[in-house]
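Shown next, in structure tokens, is the structure this report addresses.
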Amino acid sequence: MNKTIIAALLCVATCAVKAQAPTPNIPVVQPFGKIDQADLELKSCDFEKDANAEVLFEKGTLYFGADIGSITEEIHKRVKIFNTNGNGEADVKIDFYSGDHLEYITGIDAETINLTDGKVEITKLDKKLIYTKVIDKENSEISFTMPNVKPGSIIEYKYKWNASSFADMPDLVFQEKIPVRYCEYSTSIPDIFYFRAIPNLTQRLVKDSKKEDGRSFIEDSQTYPYTEETEVRGMANIPSLPDEPYMSSFNDNVEAIRFQLVSIKPIGGFQKNYSDTWAKVGSKLIDDEDFGGQLKRKLNGEEAIIAKAKSLKTDDEKIAYIFDEVRNTMKWNGLDRWYTIDGTYRAWENKTGNSAEINIILYHLLKQADVEVYPMVVSTREHGKVDPYYTSLMQFNRAVVYVPIDTAKSYVLDATGKYNVYNETPPELLNSTGLYIDKKRDKYDMISIKKELPVREAVMINAEIKPNGKVEGTAQLSNTSYSRINIVEKYKKDGEKKYIEYLSNGNNNLKISTIKFDNMEIDTLPLTQKIDFNLDLAGTDENYIYLTPNIFTPLEANPFLSENRMTDIDFAYRRSYSMNGLYKMPAGYKADALPKNVTMVMPDKSFSFKRLVVEQDGMIMIRYTVAFNVPEYSKQFYPEFHEFFKKMTEMMNEQIVLKKS
């Protein structure tokens, strides 16, 4: 069954785009090959001076075919390269759905324009250098590299995206990872179709005009009239959408409009509603040969695995055993799909597969071992969050396994990652929604995927400060949940030498002599690291010793240095950090300056920091506790968030000063 048709038709109406009042001075969109001298001489983006490149304009013109059963979108894009770091814009990739030849690209034309010794030099793209790459049986990519590109170049290209299905309406994406001077889309849609616009816009449109024209088409020698509704939307001076620390996906934040096919009103016929429920989406999935058709597919040698699982006493033991068998046997090929490509039988034989093939194998074996499990489709963080009110299969990109344990506990199993564990949902799936399918009960429900308990990291230090400005001691690090998984993966992938360098965090004065792990292979227990270390204290002289006690914590540097934020913050899960340090002072020294005890809490209690410092009997005890009480934070409140993290990092790195008596 065609995946794009399924995805496009399974839709339900949501909010409509609001009209924006036009403003003057809208940038001009020029014909292909006509370039302003000012653009050729342009040295930087007017509204984002440090940009490496800028989209001068992109124009999309979308219209239906003469038979109103197909869609074409003509794209014309022009980009200015400012420096060598912007040369990557010359590598052009156009993705399209090639399954059943549903989508295809035509009419590619491209050229590079340079100003050489005051003269315009045009270098056309050799069409022999346009390549088509088949990604899988459903998806393909056209790629080419623009010729003669250097700082100062303008590159432009145009092409036609064609879809043989009237339902395959593309998104209108205004924003990119480089700034965009102007982006304009014209959509001409017959009133036979009702597409509802779903905006994700924070920046106003500078153009939003509408008009209606009478049209007709001929079928079987009969002429049928209809009204074509054309809307032109334009946005100007759009800032780049960069990769920011702990950002949610590009798709969640980009300025864009997407469309849902809500209904069709055939000429001379009755209106057909294409709005659907999640139950209908789930039913379609079960009937799909590349999803539901694979759930009961027998695997070679499965009997031994199933028999071993059935001999175990508890469901948790069965789940853990089969999960490890599949995870360790199968190699993920890096493709995320909700559907299989080669099928589970062949994937099992080849010991490699996409995410659906691996996890449907996992589902099948668990089901045969009498564990209550259900297939589920989800979206990874990079793909974007699922909107529960937008019933479209296009929102999902991975199949997993849902296991309800009781009213308060459930598992979302994903065996694609070699360091994933059965009792922790992969963090890239958190803070979104999944659709699970219970065919027997004819039940298809949306499930919120979250991590309720905070992930804990604790550091305990016991050390002695020497008169010569050195510290010798031990540290014990305790990590749970995702923190534990991340450390195990880093240590096993990188080896002990590189892992010790990671622990030192670039501090050349910190030397780790030994490290010992406990519970490395026991997923259900906290991972413990016992470390022997010594530290040379910079700035120490014959009278003063300076100690920064914030070592071995993940909070030594502030990742939120920028005063402005373009995207929402997504930590994936709640976090709890603690650091306890006990330092013996050298004989003949006393504390000259100690950090003050402080408690700092965000007004909405989303984040908190507490510091306690005590001097007693020649010892200094210091304790930090940090709580991230929410996994996500809106960019709307970033100024307060930025100030909090700035102050917290400064306080965590405040020095203890000892003075010789």
Side-chain angles (χ1 to χ4, degrees), residues 47-51 175 177 179 200 202-203 237-250 252-255 381 385 427 430-431 450-451 454-459 482-483 505-507 546-581 593-613 622-657:
F47 57 94
E48 197 169 312
K49 295 297 184 182
D50 59 348
Q175 193 172 27
K177 293 201 172 188
N200 183 37
T202 58
Q203 185 167 332
N237 296 344
I238 311 160
S240 62
L241 185 59
D243 292 328
E244 296 182 303
Y246 297 102
M247 70 179 282
S248 53
S249 78
F250 182 89
D252 290 334
N253 291 278
V254 68
E255 301 282 331
R381 178 166 287 101
K385 292 181 181 178
L430 294 174
N431 304 322
K450 292 186 178 296
K451 169 75 173 177
V455 174
R456 301 187 182 279
E457 298 187 38
V459 178
Y482 301 118
S483 175
N505 198 24
N507 186 351
Y546 303 90
L547 169 66
T548 303
N550 185 17
I551 56 176
F552 298 120
T553 78
L555 301 171
E556 294 180 47
N558 180 12
F560 304 104
L561 298 177
S562 174
E563 293 189 2
N564 300 303
R565 179 88 181 185
M566 296 292 295
T567 64
D568 292 334
I569 297 161
D570 189 347
F571 288 114
Y573 43 85
R574 296 165 56 203
R575 303 166 187 231
S576 173
Y577 302 99
S578 66
M579 194 282 285
N580 290 277
L594 291 178
K596 295 180 180 179
N597 297 337
V598 64
T599 298
M600 187 169 62
V601 183
M602 289 277 283
D604 59 2
K605 297 182 172 55
S606 52
F607 301 91
S608 66
F609 168 69
K610 185 174 183 179
R611 181 178 64 191
L612 177 66
V613 184
I622 185 164
R623 176 177 175 81
Y624 301 137
T625 55
V626 180
F628 294 11
N629 296 317
V630 295
E632 301 172 280
Y633 205 76
S634 172
K635 62 187 176 186
Q636 179 182 354
F637 306 108
Y638 181 70
E640 297 93 333
F641 176 94
H642 172 263
E643 186 64 22
F644 177 89
F645 268 77
K646 178 183 177 182
K647 289 181 178 178
M648 182 181 74
T649 307
E650 290 172 351
M651 290 179 179
M652 291 193 71
N653 292 309
E654 196 171 338
Q655 290 184 325
I656 293 171
V657 181

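Using a distance-only test at 3.5 Å, with no hydrogens or angles considered, a donor-acceptor pair links the side chain of N597 to the main chain of V613. Looking only at distances, no side-chain donor or acceptor of D568 sits under 3.5 Å from a matching main-chain atom of S634. Of the possible polar contacts, one joining the N200 side chain to the V254 backbone as a donor-acceptor pair under 3.5 Å is found. Listed for the E244 side chain is a donor-acceptor partner under 3.5 Å among the backbone atoms of M566. One N or O on the side chain of R611 and one on the backbone of K596 form a donor-acceptor pair closer than 3.5 Å. Panel note: side chain Y624, backbone M652; a donor-acceptor pair is recorded below 3.5 Å. Not a single donor-acceptor pair under 3.5 Å links the side chain of E556 to the backbone N or O of I551. In terms of modelled atom types and a separation under 3.5 Å, the side chain of S240 and the main chain of P242 share no donor-acceptor contact. With hydrogens and angles disregarded, no donor-acceptor distance shorter than 3.5 Å links the side chain of E457 to the backbone of S483. Using modelled atom types, one side-chain atom of S562 and one backbone atom of N564 make a donor-acceptor pair closer than 3.5 Å.
In the displayed structure, K635 atom NZ is contacted under 6.0 Å by more than 12 heavy atoms of other residues, nucleotides or ligands. The 12-atom threshold is not exceeded at CD of E563, counting heavy atoms of other residues, nucleotides or ligands nearer than 6.0 Å.
Relative ring orientation between F571 and F560 is described as perpendicular, the plane-to-plane angle rising above 60° on a 0-90° scale split at 30° and 60°.
Note that CG of N653 is 5.0 Å distant from CG of N550, once rounded to the nearest 0.5 Å. Interatomic distance, NZ of K646 versus CZ of F641, reported as 14.5 Å (0.5 Å rounding). Rounded to the nearest 0.5 angstrom, F644 CZ and S608 OG are separated by 6.0 Å. One distance of note links OG1 of T567 with OH of Y638; it measures 9.0 Å at 0.5 Å rounding. With rounding to the nearest 0.5 angstrom, the CZ atom of R381 is 4.0 Å from the CG atom of D570. Here the NZ-OG distance, from K385 to S249, works out to 8.5 Å after rounding to the nearest 0.5 Å.
E48 and P239 make their closest contact through OE1-CA, 3.5 Å (heavy atoms, listed as atom of the first residue, atom of the second, distance). The nearest pair of heavy atoms linking D252 to S248 is OD2-CB, 3.9 Å. Among all heavy-atom pairs drawn from N431 and K450, the shortest one is OD1-NZ, 3.9 Å. Considering every non-hydrogen atom in both P245 and R565, the closest pair reads O-NH2, 2.7 Å. When all heavy atoms of A557 and T649 are compared, the pair lying nearest together is C-CG2, 4.2 Å. The minimum heavy-atom distance linking L430 with A572 is given by the pair CD1-O, 3.5 Å.
Each of F628, Y246, F609 was evaluated against F645; a single residue qualifies, F628, per the ring pair (Phe, Tyr, Trp, His ring centres under 6.0 Å) test.
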When you look at T553 and Y577, which way does the side-chain contact (heavy atoms from CB on, under 4.5 Å) test go after all the steps? CA-CA 8 Å; T553 78; Y577 302 99; over 6 Å; no
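Residues M648 and N558 form no side-chain contact, since every pair of their non-hydrogen atoms from C-beta on lies 4.5 Å or further apart.
Taking the charged nitrogens against the carboxylate oxygens, K177 and D243 do have a contact shorter than 4.0 Å, which makes a salt bridge.
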